[in-house]
> 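This structure is in structure tokens; I'll ask about it shortly.
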Amino acid sequence: SRMDVEFEDHGPDCERMRITEFLDIPGQDNLTPLARLEKYAFSDNIFNRQIIARGLLDVLRDFSSNEDDFLTVMEIVVKLSEDAEPSLRTELLEQIPQMAIFLQESRPNFPMAFSEYLMPIVLRYLTDPNNQVRKSSQEALLMLLDQDLVDQTDIEIGRAH
């Protein structure tokens with residue numbers, strides 16, 4: 001899959017390590033994995049933010065059993081979606097269809113989470129100033145339609161907001 005290729009450009013040691021293992025490393029900061037996630041997601045360092053964006057599917061898997069943690073992760077996704085860096089917005093978009101599939105399979109309250117948090121990001125990015133982001137959002141939307149995760153009415157409703 002495309003995601004595996006993405007990790008390889010940061011050297012072999014980083015490649016096999018799941019983001020959540022990275023968040024579990026006992027550091028100097030005594031933060032919980034979730035607090036550490038927030039710290040990296042809101043870091044001034046673009047590389048830290050990219051690591052988080054790239055690992056969002058794993059993060060979602062690991063934190064989705066607890067309602068509060070799950071909502072925190074969703075808020076982080078929204079915050080990352082407002083990032084000024086186009087490459088990060090593109091990265092995030094590439095994760096959204098996979099996150100949507102995961103949510104549909106494992107979360108009974110999927111429609112709420114997806115339509116409230118993820119779908120607005122995709123729709124907003126359709127008119128993003130950056131060309132690559134717009135292209136990625138169209139691709140993401142096609143994947144979502146293809147997987148029957150959204151239908152035309154979702155898109156109409158979203159556009160009307």
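As the structure is a computational prediction, the values presented were derived from the model and not from experiment. Side-chain atoms are counted along with the backbone in the values below, which use heavy atoms only and exclude waters and symmetry mates. The chain is numbered in sequence order, starting from 1.
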> Can you give me the closest heavy-atom contact between Pro86 and Val133, atom names plus distance?
O-CG2, 3.6 Å

> Quick one: does Ser43's side chain have a donor or acceptor within less than 3.5 Å of a partner on Lys39's backbone?
no

> Looking only at non-hydrogen atoms, find the nearest pair between Leu144 and Ala100 and report the distance.
CD2-CB, 3.7 Å

> When you measure from the side chain of Arg49 to the backbone of Leu88, do you find a donor-acceptor pair of N or O atoms at a distance under 3.5 Å?
no

> Counting N and O atoms only, with roles assigned by atom type, does the side chain of Arg89 sit under 3.5 Å from a partner on the main chain of Ala84, one being a donor and the other an acceptor?
yes

> Quick check: closest heavy atoms across Pro120 and Ser115, and the distance to 0.1 Å?
CD-O, 3.2 Å

> Is the closest side-chain heavy-atom distance between Ile76 and Glu38 below 4.5 Å?
yes

> Please tell me whether Val59 and Ile46 are part of a single hydrophobic cluster in this structure, the criterion being side-chain heavy atoms less than 4.5 Å apart.
yes

> What I'd like to find out is whether the side chain of Thr72 reaches to under 4.5 Å of the side chain of Phe63, using heavy atoms alone.
no

> I'd like to know if Met143 and Leu123 are part of one continuous hydrophobic network [Ile/Leu/Val/Met/Phe/Trp/Tyr, side-chain heavy atoms within less than 4.5 Å].
no

> Within the structure provided, determine whether Lys79 and Phe42 are in side-chain contact (heavy-atom separation under 4.5 Å).
yes

> Run the side chain to side chain contact (heavy atoms under 4.5 Å, CB included) check on Leu80 and Gln95 step by step: do they pass?
CA-CA 12 Å; Leu80 281 171; Gln95 305 300 321; over 6 Å; no

> Counting C-beta onward and ignoring hydrogens, is there a side-chain heavy-atom pair between Leu57 and Phe102 closer than 4.5 Å?
yes

> Search all heavy atoms of Leu103 against all heavy atoms of Ala113 and return the closest pair with its distance.
CD1-CB, 4.4 Å

> Checking the side chain of Ser81 only, and the main-chain atoms of Val78 only, is there a donor and an acceptor separated by less than 3.5 Å?
yes

